[in-house]
Amino acid sequence: PIIRKRSSSPSGACGAIGGHGGHRAFSSSAGLRGLSWQGRRSFGSEAREVHVAQHKVGPQGHGRKLNAWTQWGELKECVVGVADNACFPPVQPAMIPEINDPVLRNVLGEWPRGRKSQRCIDAANQELDNLVNVLEGEGVKTLRPEVMDWSQPLRTPLFAVENQYVACCVRDTVITVGKTAIEAAMSRRDRYFEILAVRQILRDLWREDPEMLWKAAPKPSMADDMYDLSWWDWTDEERYEHMHKYRYCINNEEPIFDAADITRCGKDIFVQPSMTCNYAGIEWLRRELAPQGIRVHSAHFPYDLAPSHIDCTFVILGPHLVLTNPERPIADRDAEFWKENGWQFVDCGQPDNPERPAFSQSSKWLSMNIFVIGPGKVIVEEQEKGLQNLLKHQCGFTTVIPIPFRNVFEYGGSLHCSTWDTRREDDMVDLFP
Ligand code: ARG
């Protein structure tokens, strides 16, 4: 079968920090779901009804609610990504990957294809599983995406790719905005079906929480004419010259956004135009969320010449406090709005370990990709001592939890990227009155 439950934590060597705290929740229901999945295909609606009824009193319990208005409310439940079956992202209009290490570049000659090595997958899974254990230790219930075979090629009427990617950066595919889950309109072809890895979680939540809204942005065509390929040919000088246009490798024909281009401050959310988000995408969010009283703003970072995802650039730490990237200041016109409303910016220092894994397509600023799990409580990569001190001594964090996470970096993110908050104890605060 293409889809199965993630079986167990990494074996053997990984036992030291590994574990499967996060699997408890779903392993108890694995049989039930495995059955219903097949039942749906082969037995039709009768079987499905049984499935629904069982789920109503299912192992997840009653009264679960989807709720996350901010980046800092007490975290109660979240999803943590998995590295299983990860493949190298294929070269495509939304991503032309590069090998960072010049020696390896010479040896390999070109960007690798197909599956990543099992060693690389196990190393990332070990750190992801450890994050699960740490979260559970802090009283956060964790859920995991389903394991899927990402080595399958994809063909739609409008594009084809040789393989898919991985369900590690769940932050990119779906976001909770208040009581609404929104499936993103992503730009990468190898991520077209990544959302399927968390669909069971969405279904469960939606059944259990009668107030939850579940939205999916229109699936982008990902046809060639959705992209602006000429952008890839621009030199850094040209990109610098055009930086105030905020035009990147996607054009503005179809609404496009990754969920990680968004950050939440209660009644207000902020979205960054980037390589993975266009103005049409921001407008789609604005129209969808306006009826709920949510204000959607754009946030511009002109000095990031190849931006994607706001969570290594502008990291909300709590009410009126933002961790900012010293190399990617927010545009002046945006800064004013924040300052008028009493917000303070604290610049992050340079990363303690700026090294990028050879196959990472992210910047050294993954160092800033911290996970705030409650007021004054944050998880930070263990090597980033400078940032840990800054958070403790200048930003009012009383609990700073360092954990190893560098083996996840080549999968496109760090602690914030690898998670999706499904429940925080917070409200629709108005911090931009
Ligand atoms: N593009 C960002 C950088 O290189 C990395 C963003 C990672 N975030 C994420 N949600 N995957 O700085």
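Counting starts at 1 for both ligands and their atoms, following the listed order. Sequential numbering from 1 along the given sequence is applied to the chain's residues.
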Any idea which atoms of ligand 1 are less than 4.0 Å away from a heavy-atom of Arg328?
-> 3 (C), 12 (O)

Can you give the donor-acceptor pairs under 3.5 Å from side chains of residues 89-101 to other protein atoms, not counting sequence neighbours?
from	atom 1	to	atom 2	distance (Å)
Gln92	OE1	Arg189	N	2.8
Gln92	NE2	Pro90	O	3.0
Gln92	NE2	Asp190	OD1	2.9
Asn100	OD1	Arg356	NH1	3.1
Asn100	OD1	Arg356	NH2	3.3
Asn100	ND2	Pro357	O	2.8
Asn100	ND2	Ala358	O	3.2
Asn100	ND2	Ser360	O	2.8
Asp101	OD1	Val103	N	3.0

Over 12 foreign heavy atoms within 6.0 Å of CD, Glu238 | yes

Distance from Leu66 atom CG to Asp204 atom CG, nearest 0.5 Å?
-> 12.5 Å

Ring centroid separation for Phe270 and Phe314, is it under 6.0 angstrom?
-> no

Taking the six-membered ring for Trp, are Trp343 and Phe432 ring centroids under 6.0 Å apart?
-> yes

Which one holds for Cys312 and ligand 1: side chain close, backbone close, both close, or neither close, with close meaning a heavy atom under 4.0 Å?
-> side chain

Quick one: does NZ or CZ of Arg239 land under 6.0 Å from the six-membered ring centre of Trp231, within 45 degrees of the ring axis?
-> yes

Derivation and outcome, side-chain contact (heavy atoms from CB on, under 4.5 Å), residues Leu213 and Gln292 = CA-CA 11 Å; Leu213 296 179; Gln292 295 165 54; 3.7 Å; yes

Would you mind listing which atoms of ligand 1 come within a distance below 4.0 Å of any non-hydrogen atom of Gly412?
-> 7 (C), 9 (C), 11 (N)

Considering only the protein, which heavy-atom contact is closest to atom 12 (O) of ligand 1, and what is its distance?
-> Ser363 OG, 2.6 Å

Audit row: Met148, Leu196, side-chain contact (heavy atoms from CB on, under 4.5 Å) steps and yes/no = CA-CA 9 Å; Met148 294 178 62; Leu196 295 186; 4.0 Å; yes

Interfacing atoms of ligand 1 (cut-off 4.0 Å, heavy-atom, Ala260) | 10 (N)

Check each atom of ligand 1 against the heavy atoms of Asp311 and keep those under 4.0 Å away; list them by number with element.
-> 6 (C), 7 (C), 8 (N), 9 (C), 10 (N)

Using a strict cut-off of 4.0 Å, indicate which atoms of ligand 1 neighbour a heavy atom of Cys417.
-> 7 (C), 8 (N), 9 (C), 10 (N), 11 (N)

For ligand 1, does Ser308 get within less than 4.0 Å through its side chain, its backbone, both, or neither, judged by non-hydrogen atoms?
-> both

Atoms of ligand 1 close to Asp172 [distance to a heavy atom under 4.0 angstrom, numbered from 1] | 9 (C), 10 (N), 11 (N)

Does an N or O anywhere in Gln361 fall below 3.5 Å from an N or O of ligand 1?
-> no

Arg171 to ligand 1: N or O pair under 3.5 Å?
-> no

